[in-house]
Amino acid sequence: MRISKYAIYEFILFHFFVFLYVVTFPYKDIWSVTAFLALLVLLLLVLEYLRTRLFVTPLFFWFAFWLGAIVLGRMHLTEAYPIYQEWGDELLRLVVINTVVFYWVYLLGERARGDFADLPDWETIGAFRYERLADLVIGMLAIAIAAFVLNVIHTGVIPQLSGDANAYREAFRATRFYQIVTLLRFSLLLVPPAVKNTESLVKKLAVICLTGGYLLAEMLSGWRGYTLQAMILLATSWFLFSDVKNENVRKRNLLFGSFGVAAILVFIVVVTVTRDSTFDSLVRRARYAVENFYLYVAPNFLNVQSAMEKVQPKGTFLYTTEIFWGIFRKPWEIPQYIYSDIEYSIGAYNVCTYLLEPYCDLGLPGTMVWSAIIAFFSGEAFGRCRRNPSGFFLVLLGIMNITIFYLHNNFFLRSTTVLLWLAAGGVIGLWITRQKETEENGSKVL
C-alpha cells in the first residue's frame with residue numbers, strides 16, 4: 001500500500017501543531033500566537049484536501065471545527081464577556097490527550113480500507129445506481145415538507161419570521177409533525193445519487209426543488225443547528241458522489257465549497273442577530289456577531305472545566321448511553337435530577353463540549369474511549385464510502401460529520417435519531433440491492 005506524500009506532510013504537521021499548542025499555552029491570550037496556530041490549522045485543511053480531493057472527510061471537519069475551536073476557545077477575551085475563569089492545566093491535558101487519541105484512531109479506522117493514492121478512477125454512483133431512487137427521495141422530501149406545513153398550521157407560527165424566534169422555536173419542534181421533519185433529514189444524503197441516477201428531467205427538477213424547499217423549512221424553524229445538519233448531510237453526499245479525478249469537477253467543487261462556507265457563515269450571523277432581536281447600527285451588529293461567535297466556543301470548554309472540579313464520575317456508562325435508554329423517553333420527559341449534577345455554567349451559554357458526558361461517566365478514560373469510538377467509526381465510514389458506499393455507511397458518514405461538527409458544542413450521539421437514521425439507511429440500501437437483483441434476474445429470464 002502506497003501512502004501519498006500529502007498524508008505524510010499532514011501527519012508531521014499535525015504533531016508539530018500539538019507541540020506548539022502545548023508550549024505556547026502560557027501565551028494563549030496573545031493574538032499573534034493564536035493567529036499562527038490558526039494558520040497551521042489552515043495548512044492542515046489544505047493538506048487534507050490535497051490528500052483526498054474532498055471537503056467532506058471527517059478529518060477535514062475535525063481540523064476545522066475541533067482544532068479551530070481549541071485554538072480560539074483557550075483565549076481569555078474579557079472585552080467580549082466578563083468570563084471570570086481561564087483554562088487550567090488539567091483542561092489543557094484533557095483536550096490535548098483526546099486530540100491526539102482522535103487523530104491516531106481515525107487513521108487506524110481509515111487505513112483499514114487502504115490509502116487513496118492507489119485508487120483507480122472511482123465510479124461515483126456504485127451501489128446507488130438505481131433509477132427508482134429518485135421516486136423514493138421525492139416521496140420522503142414531500143412528506144417532510146408537508147409535515148412542516150402542518151406543524152405551522154398546528155402551532156400557528158413560523159419561528160424565524162416571528163421577530164422573536166427564541167420564544168417559539170422550542171414549542172415548534174416539540175411536536176409529532178416536526179419529529180417527522182427531523183426523522184427524514186437523512187434523506188438529503190440520497191439527493192445527489194438520486195439526481196445522477198434518474199434520466200427523467202422532471203424527476204431531477206422535482207428532487208432539486210423539494211431539496212430547496214426542505215432547506216428553507218429548516219431555516220424557518222429558527223433552529224440553526226438543524227439547518228447546519230441538513231447542509232452537512234447534503235454536502236457530504238454531494239462531494240462524495242463527484243468524480244474528483246476530473247480536474248473540472250475539482251474546480252467546480254472548490255467553487256461550491258467556498259460558496260457553501262460563505263453561505264453558512266452569513267446564515268449564522270443573520271440568524272444570530274435577528275434571533276436575539278439586535279437591530280442597532282451595522283457596526284454594532286458586526287461586533288455583536290463576532291463576540292457571539294467567540295462566546296459560542298469559549299464557554300463550552302470552561303463549563304467542562306467547572307464539571308471536572310465539582311463532579312465525581314459515576315464509574316459507569318450513564319450519560320453516554322442516552323442514545324439507547326432515551327428511546328423510551330422524550331428529552332423533556334427525562335427526570336431533571338439525572339442531569340442536574342453535571343450542568344455547570346460560568347454565566348454564558350450553558351453548554352459543554354462532547355467531553356462532558358464521557359468525563360462524568362468515567363473521567364479521563366471515559367473521554368478517551370469516546371474520542372476513539374467517534375474517530376474509528378469516522379475513519380471506517382469514510383474509507384468504505386470512498387470505495388464502495390452503501391446506504392448504512394453513507395448515513396454513518398453523514399452522522400459522523402455532524403458529530404464532529406458538534407464536538408466543541410455538545411455530545412451529539414446522545415440523540416436516538418441517530419439510530420433511526422442508521423436503520424433507515426440500512427433498509428434503503430438493502431431495498432436497492434434487492435430491487436436491482438430482482439430486475440437483473442427478470443432480464444435474464446426474458
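Sequence positions, counted from 1, serve as the residue numbers for this chain.
A pairwise comparison of heavy atoms in Val297 and Phe301 identifies O-CD1, 3.5 Å as the closest pair. Of all non-hydrogen atoms in Leu234 and Leu188, the two that sit nearest each other are CD1-O, 3.6 Å. For Val105 against Ala372, the heavy-atom pair with the smallest separation is CG1-O, 3.3 Å. What you find for Leu50 and Arg53 is that their closest heavy atoms are CD2-NH1, 3.7 Å. The shortest non-hydrogen separation linking Leu397 to Pro58 is CD1-CG, 3.7 Å. Between Arg51 and Ser4 the shortest heavy-atom distance is CG-OG, 3.8 Å.
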Run Asn410 and Glu357 through side-chain contact (heavy atoms from CB on, under 4.5 Å) and show every step you take. CA-CA 9 Å; Asn410 65 45; Glu357 282 81 6; over 6 Å; no
Step-by-step side-chain contact (heavy atoms from CB on, under 4.5 Å) determination, Leu422 to Ile399: CA-CA 9 Å; Leu422 287 173; Ile399 290 172; 3.7 Å; yes
Is there a side-chain contact (heavy atoms from CB on, under 4.5 Å) between Ile432 and Leu136? Walk through the geometry before answering. CA-CA 10 Å; Ile432 293 175; Leu136 178 64; 6.0 Å; no
Show your working on ring-ring contact (aromatic ring centres under 6.0 Å, His included) between Phe177 and Phe148 and close with a plain yes or no. CA-CA 7 Å; Phe177 295 118; Phe148 179 86; over 10 Å; no
Walk me through it: do Leu396 and Met400 pass the test side-chain contact (heavy atoms from CB on, under 4.5 Å)? CA-CA 6 Å; Leu396 180 61; Met400 289 298 101; 4.2 Å; yes
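In this structure, Asn401 contributes its side chain and Val56 its backbone to a donor-acceptor pair below 3.5 Å. At distances below 3.5 Å, at least one donor-acceptor pair connects side-chain atoms of Asn303 with backbone N or O atoms of Val351. Checked by atom type and distance alone, the side chain of Lys203 never pairs as donor or acceptor with a backbone atom of Thr198 at under 3.5 Å. In terms of modelled atom types and a separation under 3.5 Å, the side chain of Asp361 and the main chain of Tyr319 share a donor-acceptor contact. Using a distance-only test at 3.5 Å, with no hydrogens or angles considered, a donor-acceptor pair links the side chain of Ser187 to the main chain of Leu184. Judged by distance alone, with hydrogens and angles left aside, the side-chain atoms of Ser237 form a donor-acceptor pair with the main-chain N or O of Leu189 at under 3.5 Å. Side-chain atoms of Lys314 do not come within 3.5 Å of backbone N or O of Cys360 as any donor-acceptor pair. Side-chain atoms of Thr321 do not come within 3.5 Å of backbone N or O of Phe324 as any donor-acceptor pair. Put simply, the side chain of Thr367 gets close to the backbone of Leu364: a donor and an acceptor are under 3.5 Å apart. In terms of modelled atom types and a separation under 3.5 Å, the side chain of Thr52 and the main chain of Leu54 share a donor-acceptor contact.
With a 4.5 Å cut-off on side-chain heavy atoms, Val181 and Asn151 do not count as touching. Residues Thr227 and Gln160 fail the side-chain proximity criterion, which asks for heavy atoms closer than 4.5 Å. Under the 4.5 Å side-chain criterion, counting only non-hydrogen atoms from C-beta, Ser415 is not in contact with Ile323. Side-chain atoms of Val101 and Met368, non-hydrogen and from C-beta on, do get closer than 4.5 Å to each other. The closest side-chain heavy-atom distance from Asp135 to Arg132 is below 4.5 Å. Taking the side chain as every heavy atom from C-beta outward, Phe186 and Thr417 never approach each other to under 4.5 Å. Between Val195 and Val191 the shortest side-chain heavy-atom distance falls below 4.5 Å. Side-chain contact between Glu10 and Tyr103 is present, with heavy atoms from C-beta onward closer than 4.5 Å.
Around the OH atom of Tyr21, the shell of radius 6.0 Å holds more than 12 heavy atoms that belong to other residues, nucleotides or ligands. The 12-atom threshold is not exceeded at CH2 of Trp238, counting heavy atoms of other residues, nucleotides or ligands nearer than 6.0 Å. Counting heavy atoms of neighbouring residues, nucleotides and ligands inside a 6.0 Å radius, atom OH of Tyr168 does not exceed 12 of them. More than 12 heavy atoms of other residues, nucleotides or ligands lie within 6.0 Å of OH in Tyr49, so this atom counts as buried by the packing criterion.
Leu407 contributes atom CG, which lies 6.5 Å from atom CH2 of Trp66 (distance to the nearest 0.5 angstrom). Here the CD1 atom belonging to Ile180 is positioned 8.0 Å from the CG atom belonging to Leu183, to the nearest 0.5 angstrom. Between atom CG of residue Leu141 and atom CD1 of residue Ile138 there is a gap of 8.5 Å, rounded to the nearest 0.5 Å. To the nearest 0.5 angstrom, Ile373 atom CD1 is 12.0 Å from Thr403 atom OG1. A distance of 11.0 Å separates CG of Leu233 from CG of Leu228, quoted to the nearest 0.5 Å. Between the CG atom of Leu150 and the OG1 atom of Thr175 there is a distance of 9.5 Å, given to the nearest 0.5 Å.
A distance of 6.0 Å or more separates the ring centres of Phe405 and Phe61. The aromatic ring centres of Tyr354 and Phe411 sit 6.0 Å or more apart.
Geometrically, Arg185 does not engage Trp421 in a cation-pi contact defined by less than 6.0 Å to the ring centre and at most 45° from the axis.
Side chain to side chain, Ser221 and Tyr178 meet the donor-acceptor criterion of an N or O pair below 3.5 Å.
Trp62 and Phe14 have tilted rings, their planes meeting at an angle from 30° to 60° on a 0 to 90° scale.
Just one of Phe17, Tyr6, Trp104, Tyr106 meets the ring-ring contact (aromatic ring centres under 6.0 Å, His included) condition when paired with Phe11; it is Trp104.
A salt bridge does not link Arg224 with Glu218: every distance from a Lys NZ or Arg NE/NH1/NH2 to an Asp or Glu carboxylate oxygen is 4.0 Å or more.
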